[in-house]
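First comes the structure, then the notes that go with it.
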Amino acid sequence: MKLYSEHFSVKISPRRLIVAAVLSLCSGQLMAAEPFVITDIRVEGIQRTEAGTVFSYLPVRVGDTFDDAKGTASIKALYDTGFFKDVRIEKQGNVLVVQIEERPAIASVDFLGVKEFNKDQLTKALKDIGIAESRIFDRSQVARAEQELKRQYLSRGLYGAKVTTTITPQERNRVAVSFSVDEGEVSRIKEITIVGNKAFSDKDLREQIKLSTSGWFTWYTKSDQYSKQKLAGDIESLRSYYLDRGYLEMQIESTQVSITPDKKDIYITVNINEGEKFTVSDIKLEGEMFGMRDELEKLVTLKKGDVYSGAKLTESTKSISERLGNFGYAFASVNANPDVNRDTREVALTIMTDPGKRVYVRRINIAGNTKTRDEVIRREFRQFEDSWYDGEKIKLSRDRVDRLGYFKEVTVNTPEVVGATDQIDVNMHVEEKPTGNIMLGAGFSQADRLSLSGSISQENAFGSGNTVGIEVNTSTRYRTIAI
């Protein structure tokens, strides 16, 4: 066979593309072809793909001179799209014929035996990794999806879950993808062992964590189902518990999680090193305080002689930062530097304050109010545009808008203005909720016989912040029409 002769055919599969390139260098007779000018390009074999799509990826056009290098480049370019399983290039006269075999498309994605998860959620999750109806079928992505499903079951404590994927060919070069799941039984935590604790009992420490062994209500709380995320959260809870009680250098040395061969019982062991209990020998403020030292010192709840507490220290630095924020220093940095004396089991703390630049509010933006007018929301603001940033006023503004009762949710964020170091925007997002009310009533008595009553009211009528209502009572003695 001579390549690029009067009638030639080149077929290169993805696995053989590199081999073909080597042959083109090592076998001059096989790959030698006389260049020719392309008078036309014809695409054959397509079923779903438009011919224009193939032309857009081809690196050659009518009028170009076709040679070995352009042939290899053309085949590689079409394979790189991921749309095609096979590509052939033929020459018929001066016509370049591109014969392709498309990869199948996914006709449907189905789940069998799934009870632990909502199928719609799984469909959406697989769509994010490329497995969805009308997408190009790729076995590597299907294998990846299968592993992701297994991982999700592991996170729910279903260690015995098995996932089997079935690919069923259908008409018009399509396939149906079906994930069959045998969920098995949920693995339960049989025992939690804490090793190394001396200052606190096992009972006290177990009360700080959410994971637990099986009990009366674990069928509802699912706290006896292990997950890596839950264990990580519990480890942080244990660390915080010790830090808040003076154990500044407490360490979680290791955690072991083991499961029985039948994948039913899980055993968790946590090894801790408590360290020593520390008290505060001194605590002082340093940095720029704008003459407010006495005021800021009152915000420090951790005092000299107290047992060290991470929670109190965090609360103190946060309060100082918020206080500086009320004077325009939105990005104030307040950090505590500990000086540990292990011999005396004491720690001296220095709280450094760096207010940074004073910033002001460039613009207040409101979004999500599809019905309520902007002015109804803006009149509740106590923070104003072109004024210095005031964290307390922004919080008050958010609370006042929320108390209007017109919205399900009110959120505020304060991003920096791009290109400016002393400006921020205040972005408020609201979610509207129904504010109308209809009430109907009927009654019967010997004096009034049948009486009817009803009322219609609309808070925030037409988004104006006003309430409009009408009430009607048809009692014989007391007839009322109120607007």
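Along the sequence shown, residues carry numbers from 1. The basis for the numbers below is simple: all heavy atoms, side chains too, and nothing from hydrogens, waters or symmetry mates.
Taking a 6.0 Å sphere around CD of E392, one finds it holds 12 or fewer heavy atoms contributed by other residues, nucleotides or ligands. Heavy atoms of other residues, nucleotides or ligands lying less than 6.0 angstrom from NZ of K230 number more than 12. The number of heavy-atom neighbours closer than 6.0 Å to CZ of R144, taken from other residues, nucleotides and ligands shown, is 12 or below. Heavy atoms of other residues, nucleotides or ligands lying less than 6.0 angstrom from CD of Q251 number 12 at most.
Cation-pi geometry between R239 and Y241 is not met: the NZ or CZ atom fails to fall both under 6.0 Å from the ring centre and inside 45° of the normal.
Using a 4.5 Å cut-off on side-chain heavy atoms (C-beta onward), V114 and L112 make no contact. Contact of the V359 side chain with the W388 side chain is not registered, since no non-hydrogen atoms from C-beta on lie closer than 4.5 Å. Taking 4.5 Å as the limit, some side-chain heavy atom of V300 sits within range of a side-chain heavy atom of I283. By the 4.5 Å heavy-atom criterion applied to side chains, L396 and R400 are counted as neighbours. Counting heavy atoms from C-beta outward, V361 and I424 have side chains that approach closer than 4.5 Å. Within the 4.5 Å cutoff, side-chain heavy atoms of D422 are placed close to those of Y360. With contacts defined as side-chain heavy-atom distances shorter than 4.5 Å, the pair P355/F290 qualifies. Looking at R345 and T279, their side chains never come closer than 4.5 Å, going by heavy atoms from C-beta outward.
Between A311 and D244, the shortest heavy-atom contact is N-OD1, 2.8 Å. Between I136 and I106, the shortest heavy-atom contact is O-CD1, 4.3 Å. The nearest pair of heavy atoms linking E385 to R378 is OE2-NH1, 3.8 Å. The minimum heavy-atom distance linking G405 with K433 is given by the pair O-CE, 2.7 Å. When all heavy atoms are compared, the tightest approach of F278 to E346 is CD2-N, 3.5 Å. The minimum heavy-atom distance linking L205 with I194 is given by the pair CB-CD1, 3.7 Å.
Residues meeting the side chain to side chain donor-acceptor pair (under 3.5 Å) test with Y242, sequence neighbours left out: E274. Judged as a salt bridge (Lys or Arg N to Asp or Glu O under 4.0 Å), and not counting sequence neighbours, the contacts of R293 are E297. Shown here are the salt bridge (Lys or Arg N to Asp or Glu O under 4.0 Å) partners of R206, two or more places apart in sequence or in another chain: there are none. With sequence neighbours excluded, the residues satisfying side-chain contact (heavy atoms from CB on, under 4.5 Å) with T218 are S212, S214, T221, S223, D224. Considering only residues two or more places apart in sequence or on other chains, N437 meets the side chain to side chain donor-acceptor pair (under 3.5 Å) condition with none of them. Judged as a salt bridge (Lys or Arg N to Asp or Glu O under 4.0 Å), and not counting sequence neighbours, the contacts of E116 are R156. Not counting sequence neighbours, R382 has no partner by the salt bridge (Lys or Arg N to Asp or Glu O under 4.0 Å) test.
Taking OG from S316 and CD1 from I351, the interatomic distance works out to 5.5 Å, rounded to the nearest 0.5 Å. Here the CD-CG distance, from Q208 to L238, works out to 7.5 Å after rounding to the nearest 0.5 Å. Going from atom CG of D138 over to atom CD1 of I131 covers 7.0 Å, rounded to the nearest 0.5 Å. Interatomic distance, OG1 of T344 versus CD of E276, reported as 11.5 Å (0.5 Å rounding).
Listed by first and then second residue, the salt bridge (Lys or Arg N to Asp or Glu O under 4.0 Å) pairs that reach into residues 145-155 are E146-K150, E148-R151, sequence neighbours excluded. Under the salt bridge (Lys or Arg N to Asp or Glu O under 4.0 Å) criterion, the residue pairs touching residues 347-374 are R362-D425, with sequence neighbours excluded. Residue pairs meeting the salt bridge (Lys or Arg N to Asp or Glu O under 4.0 Å) criterion with at least one partner in residues 300-325, sequence neighbours excluded, are E295-R323. Within the structure, ring pair (Phe, Tyr, Trp, His ring centres under 6.0 Å) contacts touching residues 109-159 (residues at least two apart or in different chains) are F111-F179, F117-Y153.
Classification of D399 and K395 as a salt-bridged pair holds, one side-chain N sitting under 4.0 Å from a carboxylate O. Using a cutoff of 4.0 Å between basic side-chain nitrogens and carboxylate oxygens, D80 and K76 are scored as salt-bridged. Between R403 and E380 no salt bridge is recorded (no basic side-chain N to carboxylate O distance below 4.0 Å). Salt bridge present: D402 and R398 bring a charged side-chain N and a carboxylate O closer than 4.0 Å.
In terms of modelled atom types and a separation under 3.5 Å, the side chain of T353 and the main chain of E288 share a donor-acceptor contact. Proximity of a side-chain donor or acceptor of Y79 to a complementary backbone N or O of V87 within less than 3.5 Å is detected. Remark: the backbone N or O of K119 is paired with a side-chain donor or acceptor of T123 at under 3.5 angstrom. The closest donor-acceptor contact from the side chain of E409 to the backbone of V430 lies at 3.5 Å or more, if one exists at all. A donor-acceptor pair is defined here as one N or O able to donate and one able to accept, closer than 3.5 Å; no such pair exists between the side chain of S240 and the backbone of S237.
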Q: Show the numbers, then the answer: is there a side-chain contact (heavy atoms from CB on, under 4.5 Å) between L78 and V54?
A: CA-CA 7 Å; L78 292 178; V54 179; 4.0 Å; yes

**Q.** Intermediate values then yes/no, side-chain contact (heavy atoms from CB on, under 4.5 Å), Y267 and I192
**A.** CA-CA 6 Å; Y267 294 82; I192 299 176; over 6 Å; no

Q: Begin with the C-alpha distance, continue with both residues' side-chain angles, and end with the deciding distance and a verdict on side chain to side chain donor-acceptor pair (under 3.5 Å) for T260 and D262.
A: CA-CA 5 Å; T260 54; D262 60 4; 2.5 Å; yes

Q: Give the intermediate values and the outcome of side chain to side chain donor-acceptor pair (under 3.5 Å) for residues T435 and N460.
A: CA-CA 7 Å; T435 55; N460 193 24; 5.2 Å; no

Q: Show your reasoning for whether side-chain contact (heavy atoms from CB on, under 4.5 Å) applies to T213 and K190.
A: CA-CA 6 Å; T213 55; K190 186 71 174 179; over 6 Å; no

Q.
side chain to side chain donor-acceptor pair (under 3.5 Å), that's the test. Do Q256 and N271 meet it? Break it down for me.
A. CA-CA 8 Å; Q256 291 90 37; N271 295 280; 2.9 Å; yes

**Q.** Intermediate values then yes/no, side-chain contact (heavy atoms from CB on, under 4.5 Å), D339 and V347
**A.** CA-CA 5 Å; D339 182 12; V347 57; 5.7 Å; no

Which atom pairs, one a donor and one an acceptor, fall under 3.5 Å between side chains of residues 328-338 and the rest of the protein, sequence neighbours left out?
| residue | atom | partner | partner atom | Å |
| --- | --- | --- | --- | --- |
| S333 | OG | N335 | ND2 | 3.0 |

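One side chain, D204 or S201, offers a donor N or O that lies under 3.5 Å from an acceptor on the other. Side-chain contact, E432 with T372: a donor N or O sits under 3.5 Å from an acceptor N or O. Side-chain contact annotation: D110 with S108, donor-acceptor N/O pair under 3.5 Å absent.
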